[in-house]
Amino acid sequence: MIPTDPSTPEGNRQSAQSPAQDWMLIIFSLLGWGSITFVLYLVASIGTLVFTESSVVSWLQTDNLSDGSLAVLHGTILSVIAAVFISYGLFLAAVNKESARWLAFASLPVLVVGVYLWYSCYRNSSPMDGFEGNTWFIYFIYVSWATPGFDYIRHYVPGSWMPFIGLSASFLPTLCGILGTSLYSFTSSWSWSRINTLISIIVFPCCMALCFCVSLLIPSFAEFTKQSYPKVDGATAAIHLGQELAHQLEGMNRPKTERAVSFNTTHNAYVNLISKKADLILVAGPSDEELLLAKESGVVLKLTPIGKDAFIFLVHHNNPIESLTIQQIQAIYSGTIHNWQEVGGNDEAITSFQREPNSGSQTYMETKVMKGHSLITAAREHKITGMGGMIDKVAEYKNANNAIGYSFYYYANEMHRRQGVKFLKLNGIESNKDNIRNGSYPLTAVLYAVTRDEESQEDSTSRMLSWLLSAKGAAAIEKSGFIPIR
């Protein structure tokens with residue numbers, strides 16, 4: 001073959017074509033490795049999901065770990081995953097030395113698809129969903145390698161942060177892949193072997209694993225052991241306080257408190273206390289029926305006020321009414337007022353929901369709100385079981401705006417928040433923590449720690465009660481959403 005002289009037209013034409021051919025080669029290489037990377041990522045994610053859902057990982061018991069050990073464990077897992085993604089980027093650069101810097105972007109499809117799925121789920125979610133439920137199912141499948149970490153983190157950060165923390169899982173594979181290919185390019189100019197680079201990547205996860213082992217040797221100190229911890233029950237709205245007690249007094253890590261601590265609603269908690277199946281309950285004041293049950297059982301109830309909450313009324317968010325007086329509430333629930341037009345609203349019949357007898361909110365409604373006025377007899381479909389059910393009914397009832405119900409502020413605002421409802425002002429005063437604290441809100445509900453009066457001052461129940469009345473207890477009560485009574 002006769003070599004072409006660069007000074008001839010033929011030589012110039014070939015020189016001009018060379019960069020275009022190089023670019024085509026890079027593009028095809030990126031497309032090929034991008035597709036391979038995306039498929040490998042999907043296989044790894046689905047494989048991780050199958051593995052974590054199997055009994056193979058049952059040996060990893062985290063319930064007995066402290067919060068510190070649990071944090072280091074998840075840090076170790078994250079560092080191992082990051083090391084795998086970095087190593088893959090290093091591998092890509094090693095097999096494609098000529099286009100190593102461009103192959104840093106081979107994992108971009110993983111990022112683009114992840115961000116698209118996240119946005120689709122986020123757009124269809126509501127504040128009540130948080131970062132859980134069926135709305136996020138597809139995204140959880142896509143980033144299944146990160147879901148154990150999500151389940152851990154959500155116990156320590158505000159729920160509103162979780163969707164954005166979840167978004168970071170879409171960026172991690174791509175960023176680590178870019179770091180891996182960049183390491184290859186940087187170390188090419190150093191007297192540093194590829195083996196040394198791999199060892200450097202592995203060192204950090206190994207150090208994290210060592211820290212985890214050391215954390216297991218650190219003794220934990222708690223006020224109570226598992227055996228001496230009192231049996232605690234209570235109202236649905238107080239479940240977070242029960243979890244906080246288990247965390248601070250028994251040393252239970254936060255993820256375990258959510259699984260291990262459960263309450264049986266107000267009435268059942270009173271029944272359990274009277275029948276000595278519970279030692280301390282966190283509830284509103286007792287109903288007449290519960291006081292009678294205690295008297296018949298020879299039990300004297302000791303009610304210790306520890307916190308305050310607001311008793312609120314809620315309506316559909318499209319209802320134009322913003323405020324009612326207590327007298328108007330009494331008239332609505334006694335059957336004197338039947339139409340929203342009578343209180344300044346639309347010409348629609350009022351549908352008033354009630355709770356089941358002996359629930360905490362129903363007892364408060366009967367004794368503190370109605371004050372001698374008789375409640376109308378609610379139709380079966382208007383008598384709701386469960387605090388969350390009341391809020392859901394007001395939000396969704398026949399897609400109408402005429403429903404009204406009631407609940408406690410903390411539960412409705414934090415534990416079971418719905419977009420479809422709004423809280424009414426009472427006598428023109430808004431329900432919020434400041435107004436609960438300063439006493440300006442007219443309906444303030446007291447949270448009691450209820451025990452049997454027979455308990456001695458030295459037993460574990462009395463010790464827990466004393467702790468609840470201390471400065472640490474007040475901080476725990478406030479952290480759980482209530483206003484502490486000092």
Side-chain angles (χ1 to χ4, degrees), residues 34-35 37-53 71 74-75 77-78 81-82 84-85 105-179 239-240 254-255 258-259 314 316-318 387-389 391-396 399 407 409-423 481:
S35 301
T37 300
F38 183 71
V39 170
L40 288 175
Y41 175 82
L42 289 180
V43 171
S45 289
I46 294 171
T48 303
L49 178 65
V50 173
F51 177 74
T52 54
E53 293 296 323
H74 282 280
I77 294 171
L78 181 62
I81 292 170
V84 170
F85 290 139
F105 302 102
S107 55
L108 274 179
V110 175
L111 171 62
V112 171
V113 173
V115 170
Y116 173 76
L117 291 176
W118 180 90
Y119 176 73
S120 299
C121 294
Y122 183 76
R123 187 180 56 187
N124 295 321
S125 66
S126 69
M128 184 182 171
D129 295 326
F131 192 56
E132 302 177 79
N134 294 332
T135 307
W136 292 94
F137 177 75
I138 295 176
Y139 187 71
F140 287 155
I141 295 294
Y142 188 73
V143 293
S144 55
W145 56 269
T147 50
F150 296 154
D151 187 56
Y152 163 74
I153 293 172
R154 69 183 179 85
H155 294 91
Y156 300 89
V157 301
S160 58
W161 293 12
M162 281 306 302
F164 304 100
I165 292 174
L167 177 61
S168 65
S170 293
F171 284 85
L172 185 67
T174 299
L175 293 178
C176 289
I178 291 173
L179 178 59
I239 184 68
H240 285 177
R254 292 198 182 278
E258 188 169 300
R259 297 190 300 271
L314 39 95
H316 194 276
H317 69 98
N318 288 334
M387 294 181 71
I391 300 168
D392 295 339
K393 281 289 186 180
V394 173
E396 300 167 358
N399 296 317
S407 185
Y409 173 77
Y410 173 65
Y411 183 83
N413 192 55
E414 300 290 341
M415 295 177 66
H416 199 86
R417 190 171 185 177
R418 288 296 303 265
Q419 283 184 315
V421 301
K422 65 179 179 181
F423 303 163

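Every heavy atom of this structure was used, including side-chain atoms; hydrogens, water molecules and symmetry mates were not. Please read these numbers as outputs of a predicted model, since none were measured by experiment.
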For [X] and [Y], indicate whether the former's side chain and the latter's backbone hold a donor-acceptor pair under 3.5 Å.
X: S45; Y: Y142; result: yes
X: T135; Y: C121; result: no
X: S125; Y: Y122; result: yes
X: T147; Y: S144; result: yes

Roughly how far apart are [X] [atom1] and [Y] [atom2], rounded to 0.5 Å?
X: R123; Y: Y119; atom1: CZ; atom2: OH; answer: 5.0 Å
X: N134; Y: N124; atom1: CG; atom2: CG; answer: 12.5 Å
X: L111; Y: Y116; atom1: CG; atom2: OH; answer: 15.0 Å
X: Y152; Y: I77; atom1: OH; atom2: CD1; answer: 11.0 Å

Which heavy atom of [X] sits nearest to which heavy atom of [Y], and what is that distance?
X: F150; Y: M162; answer: O-CE, 3.7 Å
X: H155; Y: R254; answer: O-CD, 3.5 Å
X: A169; Y: A146; answer: CB-CB, 4.0 Å
X: A106; Y: T37; answer: O-CB, 3.9 Å
X: P255; Y: Y156; answer: CD-OH, 3.4 Å
X: R154; Y: E258; answer: NH2-OE2, 2.8 Å

### Task
Tell me, yes or no, whether the heavy-atom count around I141 atom CD1, taken from other residues, nucleotides or ligands under 6.0 Å, exceeds 12.
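Above 12, so yes.
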
Determine the interplanar angle of the [X] and [Y] rings, folded into 0 to 90°, and report it as parallel if under 30°, tilted if 30 to 60°, perpendicular if over 60°.
X: W145; Y: F85; value: perpendicular
X: F423; Y: Y409; value: perpendicular
X: W118; Y: W136; value: tilted

### Steps toward ring-ring contact (aromatic ring centres under 6.0 Å, His included) verdict (F140, F131)
CA-CA 10 Å; F140 287 155; F131 192 56; 5.0 Å; yes

### Task
Would you tell me whether Y139 and S170 have side-chain atoms, one donor and one acceptor, within less than 3.5 Å of each other?
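Side chains of Y139 and S170: pair found under 3.5 Å.
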
### Task
Could you list the residues that satisfy ring pair (Phe, Tyr, Trp, His ring centres under 6.0 Å) with F137, not counting sequence neighbours?
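Residues passing ring pair (Phe, Tyr, Trp, His ring centres under 6.0 Å) with F137: none at all.
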
